[in-house]
Student: 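The structure's right below; bear with me while I get my questions together.
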There are 2 protein chains.
Amino acid sequence: MSAKPRIERAALEVFAAHGVDGATTKLIAARAEVSEGAIYRHWKSKDELAIGLFMAAHRRLSDLIDTEAGAVHGVEAKAAALVKAYCTAADEDWTLFSFHLLQLHHFLPYYQDDGRDPVTLVETIIKYGMMKMELPPGDPRVVAAMAIGVITQTAQNKAYGRLGEDALSAHASLMTAAVQAVLKAR
Amino acid sequence: MSAKPRIERAALEVFAAHGVDGATTKLIAARAEVSEGAIYRHWKSKDELAIGLFMAAHRRLSDLIDTEAGAVHGVEAKAAALVKAYCTAADEDWTLFSFHLLQLHHFLPYYQDDGRDPVTLVETIIKYGMMKMELPPGDPRVVAAMAIGVITQTAQNKAYGRLGEDALSAHASLMTAAVQAVLKAR
DNA sequence: GCCATGCAAGTAAATGCTCACATACTGATC
DNA sequence: GATCAGTATGTGAGCATTTACTTGCATGGC
């Protein structure tokens with residue numbers, strides 16, 4: 001059985017639990033049941049491994065947003081589709097998504113300026129919604145942050161073990177209603 | 001001028017920027033314009049310094065919630081008071097609050113079970129609001145997470161530099177409306 | 001004189017990473 | 001199908017560097 005995917009899984013778990021700086025290559029290797037050297041056959045450095053894993057999740061999330069939001073019309077429908085899609089994807093690979101969620105700030109410098117990060121995409125959707133008078137006017141950056149916060153904080157609390165063992169999807173309809181309420185609130 | 005407060009300020013900044021594990025005692029000392037040894041006159045270890053700073057912010061926030069929520073009646077009023085109080089406190093000491101916000105997950109083991117953390121307090125307020133029929137029924141843990149997320153994600157995005165140089169308070173009324181909408185959404 | 005505070009140099013341990021070597025796979029050649 | 005070079009993959013001991021922390025000494029207020 002090849003080591004690369006085992007290393008990726010192990011790294012994801014260790015990074016999510018200890019952070020990128022707190023994680024050691026020894027720990028990752030041990031968890032993957034692989035020697036430390038094996039890591040360096042596939043990645044130049046610990047940071048490159050971390051960045052690779054993160055950016056994969058980041059792009060996957062961006063693509064998800066593009067696809068799901070493009071498939072329906074109207075801000076309300078887009079919001080519902082996005083919440084549902086995020087919940088489903090997170091439940092399918094909780095390790096990946098909690099890593100992405102909890103370690104976001106470590107990777108700010110790497111995605112900040114590519115213009116295709118999830119936050120910017122949501123901001124754009126909201127801006128259009130305001131132009132089309134589907135939403136009341138307001139600072140799209142703040143409205144996007146608030147709407148996103150409804151999801152991310154719930155997911156974080158689940159990651160912290162505050163919501164029991166329920167899937168995130170179990171709360172999808174409640175979160176959808178909350179997001180839609182935030183968008184219209186003023 | 002005594003070194004202790006200078007070290008505290010410097011540590012706060014460095015921890016906020018690099019995380020607890022990413023921060024080095026050298027960097028903290030350099031930023032405080034103090035030798036590394038000076039740190040160990042006042043704290044036993046780097047971790048004790050970090051925990052001390054964090055728990056101070058954590059207790060201060062818990063006290064704030066207790067005081068502000070106790071001063072008014074009704075969930076709506078409590079929500080408004082809490083949002084305003086958080087914004088004001090955060091603006092007054094942005095370094096402290098962004099450190100608290102961004103490094104929360106590093107300190108989970110230390111406050112999780114003390115029952116007086118901000119999240120639990122908010123959950124309690126919401127639970128009472130539901131009992132008194134001021135709020136529609138629902139899982140208080142999820143509703144609390146969503147309401148808190150409106151604030152924390154906005155604050156995070158400001159910390160990431162996505163909201164310009166505005167004070168957090170500049171968005172307080174928008175956030176209040178959003179939080180109240182979340183509480184009532186179902 | 002005494003204690004708290006600060007400094008500069010130093011130490012032991014840990015960490016990311018390398019390297020010489022071993023093994024497993026691939027596919028072209030006979 | 002057997003042979004064998006060439007390459008990709010994995011090992012584990014070890015290296016240079018960094019890191020948190022210590023220690024002996026100087027200073028200054030009371």
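Here is the naming used below: chain letters follow the sequence lines, and residue numbers restart at 1 for every chain. Excluded from the calculations below are hydrogen atoms, water molecules and symmetry mates; all remaining heavy atoms, backbone and side chain alike, are included.
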Student: Between Lys84(A) and Glu68(A), does any NZ, NE, NH1 or NH2 come within less than 4.0 Å of an OD or OE carboxylate oxygen?
Tutor: no
Student: Does the side chain of Val119(A) come within less than 4.5 Å of Tyr160(B)'s, by heavy atoms?
Tutor: no
Student: What class does the angle between the rings of His58(A) and Tyr111(A) fall in, given that below 30° is parallel, 30 to 60° is tilted and above 60° is perpendicular?
Tutor: tilted
Student: Answer yes when Asp93(B) and Arg9(B) have at least one side-chain N-carboxylate O distance shorter than 4.0 Å, and no when they do not.
Tutor: yes
Student: Check Asp66(B) with Arg59(B), please: is the shortest side-chain N to carboxylate O separation under 4.0 Å?
Tutor: no
Student: Counting only N and O atoms by type, is there a donor-acceptor contact under 3.5 Å from the side chain of Lys46(B) to the main-chain atoms of Ala23(B)?
Tutor: yes
Student: Would you say the side-chain atoms of Arg162(B) pair up with the backbone N or O of Ala159(B), donor to acceptor, closer than 3.5 Å?
Tutor: no
Student: Tell me, which of residues 42-51 of chain A have any heavy atom that sits under 4.0 Å from an atom in DNA chain C?
Tutor: Ser45(A), Lys46(A)
Student: Nearest whole Å is fine: how far is dC7(C) C1' from Glu33(B) CD?
Tutor: 15 Å
Student: Please determine whether a side-chain nitrogen or oxygen atom of Tyr40(B) lies at a distance below 4.0 Å from atom OP1 or OP2 of dC21(D).
Tutor: yes
Student: If you define the side chain from C-beta out and look only at heavy atoms, does anything of Arg60(B) sit under 4.5 Å from Leu64(B)?
Tutor: no
Student: Flag the pair Ile125(A) / Leu82(A) as yes when at least one side-chain heavy-atom distance between them is below 4.5 Å, and no otherwise.
Tutor: yes
Student: Going by the angle between their ring planes, with limits at 30° and 60°, are Tyr86(B) and Phe97(B) parallel, tilted or perpendicular?
Tutor: perpendicular
Student: Can you check nucleotides 19-25 of chain C for protein contacts, nitrogen or oxygen pairs under 3.5 Å, and list what you find?
Tutor:
{"unit_1": "dA20(C)", "atom_1": "N6", "unit_2": "Arg41(A)", "atom_2": "NH2", "d": "3.4"}

Student: On the side chain of Glu36(A), is there an atom forming a donor-acceptor pair with the base of dC17(C) - under 3.5 Å, no angle test?
Tutor: yes
Student: Tell me which residues in residues 17-27 of chain A put a heavy atom below 4.0 Å from DNA chain C, sorted by number, or none.
Tutor: Ala23(A), Thr24(A), Thr25(A)
Student: Starting from C1' on dG10(D), measure out to CD1 on Ile28(A) and report it in whole angstrom.
Tutor: 17 Å
